[in-house]
Amino acid sequence: MMQSLSDQMLEENRDIFDAMVHHRFVEDIKADRLPVAAFERYLVFEGAFVDTAIAIFAYATAKAETMAQKRWLIGVLDALANQQIAYFEKTFVVRGIDPASYDTSREDVAAFRDGMLAIARNGGFLDTIAAMFAAEWMYWTWSKTASRCTINDPLLKEWVALHAEPAFEAQARWLKTVLDEAGETLDAAERKRLSMIFGLVQRLEIDFHEAAYS
Ligand SMILES: Cc1ncc(CO)c(N)n1
């Protein structure tokens with residue numbers, strides 16, 4: 001039997017995936033030592049990215065092949081706009097963070113945003129699914145581990161918990177299933193191309209999370 005497309009993607013990109021799920025940002029969270037300034041800088045960059053994610057999933061919704069996919073993706077859009085964005089609105093107020101005082105157009109942060117948006121705008125439906133599978137499988141993987149660690153900052157603890165809970169797992173698994181079902185009838189070159197998107201996204205993610213530190 002042929003290897004599933006998601007297994008192929010994870011296997012071909014294992015080193016870069018491991019580098020991301022063991023990034024110092026993740027290790028600092030697990031050790032409960034993420035510097036406050038790094039967390040707050042990350043929050044502003046991440047809040048901007050969640051807004052971008054709405055655009056990415058809107059492209060995916062427009063390009064989806066079936067009504068079942070459209071219905072699922074509309075649910076994703078609802079969760080982004082009403083849960084995730086709400087988390088940032090609340091958090092910025094509670095912590096007195098002014099997002100306008102941070103530079104979200106800096107190169108490392110912009111490269112992630114623009115790279116992901118370009119895939120969604122210019123690529124096909126599966127390109128976007130591959131990119132978001134890369135992003136979400138990676139977050140779910142490290143958040144599962146981190147959520148079992150002591151995290152004293154309640155807002156950081158909440159953010160990690162949000163990515164370890166069943167609803168986020170279901171979303172990551174949905175992306176995986178879409179890839180695996182499509183992968184069964186794709187040729188080797190197309191599978192390889194989608195796997196390279198997975199690797200590209202991990203590289204952009206590493207730089208994005210490094211940006212929290214400076
Ligand atoms: C930067 C980044 N990558 C991936 C995810 C997972 O959705 C996220 N929320 N933020």
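Just so it is clear, the model here is predicted, and its values are computed rather than measured. For ligands, and for the atoms within them, numbers begin at 1 and follow the listed sequence.
Annotation: side chain of F133 is not in contact with side chain of V201 (no heavy-atom distance under 4.5 Å). The shortest distance between side-chain heavy atoms of T61 and W72 does not fall below 4.5 Å. Contact check for E158 versus L162: no side-chain heavy atoms found under the 4.5 Å cut-off.
In this structure, F112 is part of the shell of residues with a heavy atom less than 4.0 angstrom from ligand 1. Taking a 4.0 Å cut-off on heavy atoms, M132 fails to register as neighbouring ligand 1.
Here the heavy atom of the protein found nearest to atom 3 (N) of ligand 1 is E205 OE2, 2.7 Å. Remark: minimum distance from atom 8 (C) of ligand 1 to any protein heavy atom is reached at E46 OE2, 3.2 Å. The protein non-hydrogen atom at the shortest distance from atom 6 (C) of ligand 1 is Y139 CG, 3.5 Å.
The shortest N or O to N or O distance between Y42 and ligand 1 is not under 3.5 Å. For ligand 1, none of its N or O atoms has an N or O atom of H209 under 3.5 Å away.
Annotation for ligand 1: atoms under 4.0 Å from non-hydrogen atoms of E136 are 7 (O). The distance from ligand 1 to the heavy atoms of H163 drops below 4.0 Å at these ligand atoms: 9 (N).
Side-chain contact check for D28 and Y213: at least one donor-acceptor pair (N or O, by modelled atom type) lies under 3.5 Å.
The side-chain tip of K144 does not point at the ring of W142 from less than 6.0 angstrom away and within 45° of straight on.
For H163 and Y87, the gap between ring centers reaches or exceeds 6.0 Å. F88 and W159 have their aromatic ring centers within a separation under 6.0 angstrom.
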